[in-house]
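To start, the structure itself, in structure tokens.
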Amino acid sequence: NTKNAALIIGVEDYEWTHSAPFAKNDATLFRDFASRTLGIPEENIKTLVNKEGNRLNTKRMLKRWLPQVISEGATDFYLYFSGHGLATNDGKDLYLLPYDGDPLLLEDSALTREEIFTTINLYEPNNVIAFLDTCYSGTSRGDKSLLDTALVYDASEINTKPEYCRGPHCFWCLMAFNFLMHLKTLL
């Protein structure tokens, strides 16, 4: 569909914390998937990798680029993020960590999932399908803590329900640890 669009973010090498192995490759593969399989035109795909996936660039894409590519009620928008995610101590707020995000200054340097979804919803796309390849556990794939403290959140307690509806628009949010289980619902 020529009206569909995708924002793809892959942060493997971080400025302030441990790397997220394979995130850059995953983003590249998803870009190919978006173009070849989903049929999204190249001009409607933006990819931010590593340094490009910083907080300001991400916000710039959400607030300046999205209004240009989303047609109200007609665009299916795909968001893909591969990198670190963190939850607040109580697990109520979930953050995506951009390239320049600091796990010790989470509220000041990262983006909440809520903030991202609310911004996208302003432009009233037909559907939003978000693939979040992050676990929110506070550890890297090698079990290194992203924080200098011993606090690591138990990500198994996070609500992973894939449907996230706001008003007339539906968000399908698929996180890494529940992706395969819910993929069939999208196809």
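Just so you know, residue 1 is the first one in the sequence shown, and it goes up from there.
- Put simply, the side chain of D100 gets close to the backbone of R55: a donor and an acceptor are under 3.5 Å apart.
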Run the numbers on L94 and T134 for side chain to side chain contact (heavy atoms under 4.5 Å, CB included), then give the verdict.
CA-CA 10 Å; L94 303 176; T134 183; over 6 Å; no

Apply salt bridge (charged side-chain N to carboxylate O under 4.0 Å, His left out) to residues E52 and K46 and explain how you reach the verdict.
CA-CA 11 Å; E52 296 168 347; K46 289 288 184 186; over 6 Å; no

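- Using a 4.0 Å cut-off between charged nitrogen and carboxylate oxygen, E115 and K59 count as a salt-bridge pair.
- Remark: side-chain polar atoms of N54 are not paired, donor with acceptor, to backbone N or O of Y99 under 3.5 angstrom.
- Considering every non-hydrogen atom in both A27 and G10, the closest pair reads CB-CA, 3.7 Å.
- Under the side chain to side chain donor-acceptor pair (under 3.5 Å) criterion, S109 pairs with no residue at all, not counting sequence neighbours.
- Interatomic distance, L111 CG to L97 CG, rounded to the nearest 0.5 Å: 9.0 Å.
- Between P98 and Y14, the shortest heavy-atom contact is O-CE2, 3.1 Å.
- In this structure, H84 contributes its side chain and Y95 its backbone to no donor-acceptor pair below 3.5 Å.
- Note that CD of E114 and CG of N121 are 10.0 Å apart. Values are rounded to the nearest 0.5 Å.
- Of the inter-residue distances, the one linking M61 atom CE with Q68 atom CD reads 9.0 Å to the nearest 0.5 angstrom.
- Within the model, atoms CG of L48 and CZ of F81 stand 10.5 Å from one another, a figure rounded to the nearest 0.5 Å.
- Taking CG of D13 as the reference point, atom NZ of K51 lies at 9.5 Å (rounded to 0.5 Å).
- The line from OG1 of T47 to CD1 of I8 is 4.0 Å long, rounded to the nearest 0.5 Å.
- Screening V69, I70, I40, N127 for a side chain to side chain contact (heavy atoms under 4.5 Å, CB included) involving T75 leaves a single residue, I70.
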As a quick check of understanding, evaluate side chain to side chain contact (heavy atoms under 4.5 Å, CB included) for L7 and L66, giving each step before the final call.
CA-CA 9 Å; L7 174 58; L66 276 187; 5.5 Å; no

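- Under the rule for a salt bridge (charged side-chain N to carboxylate O under 4.0 Å, His left out), the partners of E42 that lie at least two apart in sequence or sit in another chain are R31.
- In terms of heavy atoms, P41 sits closest to N4 at CD-O, 4.0 Å.
- What you find for I120 and F77 is that their closest heavy atoms are CD1-CE2, 3.6 Å.
- The side chain to side chain contact (heavy atoms under 4.5 Å, CB included) with K24 is formed by just one residue from the set N50, L29, V11; it is N50.
- A donor-acceptor contact shorter than 3.5 Å is absent between the side chain of D76 and the backbone of N126.
- Listed for the Y123 side chain is a donor-acceptor partner under 3.5 Å among the backbone atoms of L62.
- With sequence neighbours left out, Y80 forms a ring-ring contact (aromatic ring centres under 6.0 Å, His included) with F30.
- Residues L79 and V49 do not share a hydrophobic cluster, clusters being chains of Ile/Leu/Val/Met/Phe/Trp/Tyr side chains in contact below 4.5 Å.
- At least one side-chain heavy atom of L96 sits less than 4.5 Å from a side-chain heavy atom of L132.
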